[in-house]
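Letters A, B, ... mirror the listed sequences (proteins, then strands); counts begin at 1.
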Number of protein chains: 2
Amino acid sequence: MKAYKIPEATVMRLSIYSRFLHQLMLEGSETVSSGEIAEGVGVSSAQVRKDLAYFGEFGTRGVGYKVDELYGYIMKILGLDRQWNAIIIGAGKLGSALALYQGFADRGFNIKAVLDINPQIIGARLDGIEVEALGKLAERVKEQAINIGVITVPASVAQEVTDQLIQAGVKAILNFSPRILKVPQDVVLRNVDLSVNLEVLSFNLALNHR
Amino acid sequence: MKAYKIPEATVMRLSIYSRFLHQLMLEGSETVSSGEIAEGVGVSSAQVRKDLAYFGEFGTRGVGYKVDELYGYIMKILGLDRQWNAIIIGAGKLGSALALYQGFADRGFNIKAVLDINPQIIGARLDGIEVEALGKLAERVKEQAINIGVITVPASVAQEVTDQLIQAGVKAILNFSPRILKVPQDVVLRNVDLSVNLEVLSFNLALNHR
DNA sequence: GACTGTGAAGCCATTCACAGCT
DNA sequence: AGCTGTGAATGGCTTCACAGTC
C-alpha cells in the first residue's frame, strides 16, 4: 500500500465498488472488468482503474479482476476486515433510527451504546441496547473500546458532546447535527447534513422553475 | 443572476452560510465581512467571496455585507423563498425519523405524504400524517403538487419506486438507499449514503491503526 | 484603513490514450 | 484481441494577490 494522500472521492467510490462486488459474488461471477464495474456504479472505467491504482495492482491484463479477491482487497483497504465500535449520542428519532439500522452491523459497525440527556428517553430499549444517561459517556467509551462517535443531538449542544467524545479518546466522528464542529487535527470528522442536501435539490429545482 | 454552471460545492456552502447568517440575525448583527463568515463556517474568506460572486455583488467595499440582505439573497438563490412539497417513500425507522424532523419544515420543506408497502405500517400516524399504501403514489404526487421524493426503502426496491416517482412527474429525488439509481437528465438526484460515510471514517481510522 | 470583487496562478481530480501483459 | 496500468492532457475548484471602492 503506497497510500499517501488519497482523494476522499476515491475512498467513497471504493465503498461503492465493494457493494457492487458483493452483489456480483452473490450472483456467482468469477471475474469482472473495470468497464463492468464502471457500468454498474455509474463512473468511467479509467476512474475505476485509477482509484485502484492508488493501492496496488489487483488485476490481470487482458482478463480483469477476480471478484472475490478484489472484494477482499477493498474491504481491507477500507478497514472493514475488522469490527468497529460506535456510540450514538442523541436518542431522538434520528439517533434511534440509526441505532436500529441493520446496514451498519452488516458492515462491521457495532453500536455499543446510545446516550441521551432527556430523562424521558433514558431507559428506553432499542433492540438490545438500553438508552443511558449522557453522563456515562466517558465510562462507556473506555469500557466498550469505542472507535466512532455518532452525533444526533440538536445543534446547540453538538460542540459540547463532540468535546466530550474527544476528551474520552474518540478519534472519528460522524456528525448529523447542522453545526460546523471544531475538532483537533488527529480526529476524523464527517458531516451528514440533511438540510444541505435538500437545499441543493431546492437550488436545482429553482433554477428550472424560473 | 448570471448563473450558468455553479459548482455543487458552492451551493452546499451557500446553504451553510445561510444558517450562519440566520444565527447572526438572531444575535442582532447588522453587518458581516467575508472573513467573519469564513471564520464561522470553516472556509477561506476568498472562498466566500468567490461563491457569492457567481450570483452578483452583494457587499460594500470597506464595509462588508448587510446580514439580513445577504441572508435574503442567499435564501432566494437556494430557492428557499418559497415552499416545497415532499413525499417520503418508506416509513421504516429512517423514513419515520425524517417525516418528523423539524429541520425540514423550518426551511420550507413540507412533508405532504408518507407511503409504505407494509400493511403493518400503513395507517400509522406520524405527527399529522398518516402512512398510506404505496399504490397511492401517483395520486398523492399530483394532488399535493409534490416537488421532491425522498427514498428510504430497501435497496432492492429503490429503483422501482424511483421510476414510479419519475413517472408521476417528480423532478428531484433524495435517495437514502444504498443503491445507485438511474434517472433521466432532467431529474435532480442526491444520494445520502450512510454506510459510505461510516466507511470513509473506517478508512481513515485504519490508516492510523497500522 | 478596511474589505470587496476578480483575473491569474496553483492545485487536484478526472479523462484520454496508449504501452504493456496475458 | 482484450483489458490493465499509467504518464500526459484536460478541466474545474480553490487560493493568491491586488486593483477598486467606501
Undergrad: Of the non-hydrogen atoms in B/Ala158 and B/Ser177, which two are nearest, and what is the gap between them?
TA: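 For B/Ala158 and B/Ser177, the tightest heavy-atom pair comes out as CB-OG, 3.2 Å.
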Undergrad: Check the distance between D/dT4's C1' and A/Leu52's CG and give it to me in whole angstrom.
TA: 10 Å
Undergrad: Can you tell me how far C1' of C/dT6 sits from CZ of B/Phe55, to the nearest Å?
TA: 16 Å
Undergrad: Could you check how far CD of A/Glu57 sits from P of C/dT22, rounded to whole Å?
TA: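 In whole Å, C/dT22 P and A/Glu57 CD are 10 Å from each other.
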Undergrad: Please state how far atom CD1 in B/Ile37 lies from atom P in C/dC3, giving the value in whole angstrom units.
TA: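 For the pair B/Ile37 CD1 and C/dC3 P, the rounded distance is 12 Å.
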Undergrad: Please report the distance, rounded to the nearest Å, between CZ in B/Phe58 and C1' in C/dG5.
TA: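 B/Phe58 atom CZ is separated from C/dG5 atom C1' by 12 Å.
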Undergrad: How close or far is atom P of C/dC12 from atom OH of A/Tyr54, stated in whole angstroms?
TA: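 Rounded to whole Å, this separation is 11 Å.
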Undergrad: Counting only heavy atoms not in A/Lys136, do more than 12 fall under 6.0 Å of its NZ?
TA: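 No, because the 6.0 Å sphere around NZ of A/Lys136 holds 12 heavy atoms or fewer from other groups.
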Undergrad: Would you indicate, yes or no, if C/dT14 has its OP1 or OP2 atom less than 4.0 angstrom from a side-chain nitrogen or oxygen of A/Arg13?
TA: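 Result: yes.
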Undergrad: Does OP1 or OP2 of D/dG5 have a side-chain N or O of A/Tyr65 closer than 4.0 Å?
TA: yes
Undergrad: Any salt bridge between A/Asp127 and B/Lys93, counting N to O under 4.0 Å?
TA: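 Salt bridge: no.
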Undergrad: Ignoring backbone atoms, establish whether B/Thr60 has a side-chain N or O less than 4.0 Å from OP1 or OP2 of D/dC22.
TA: no
Undergrad: Counting side-chain heavy atoms from C-beta on, which of C/dT4, C/dG7, C/dA13 comes nearest to B/Lys50?
TA: C/dG7
Undergrad: Are A/Glu199 and B/Arg107 ion-paired here, with the side-chain N under 4.0 Å from a carboxylate O?
TA: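 Answer for the salt bridge query: yes.
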Undergrad: Starting the side chain at C-beta, find the nucleotide from D/dC18, D/dG5, D/dG20 nearest to A/Arg49.
TA: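 Closest nucleotide to the A/Arg49 side chain: D/dG5.
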Undergrad: Measure NZ/B/Lys66 against P/C/dT4 and give the value in whole Å, please.
TA: 16 Å
Undergrad: Counting only side-chain heavy atoms from C-beta out, which of D/dT14, C/dT4, C/dA19 sits nearest to B/Gln47?
TA: D/dT14
Undergrad: Measure the distance from CZ on B/Arg61 to P on D/dT21 and round it to the nearest whole Å.
TA: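 So the CZ-P distance, B/Arg61 to D/dT21, works out to 6 Å.
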Undergrad: Both B/Val63 and B/Ala46 contact DNA chain C. Which one's nearest nucleotide lies toward the 5' end?
TA: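 Its nearest nucleotide being more 5', the pick is B/Val63.
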Undergrad: Do B/Asp106 and B/Gln102 have a side chain donor and acceptor closer than 3.5 Å?
TA: yes
Undergrad: Taking the side chain of A/Ser44 as its heavy atoms from C-beta onward, which of D/dG5, D/dC13, C/dT15 lies nearest to it?
TA: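 Closest of the options to the side chain of A/Ser44: C/dT15.
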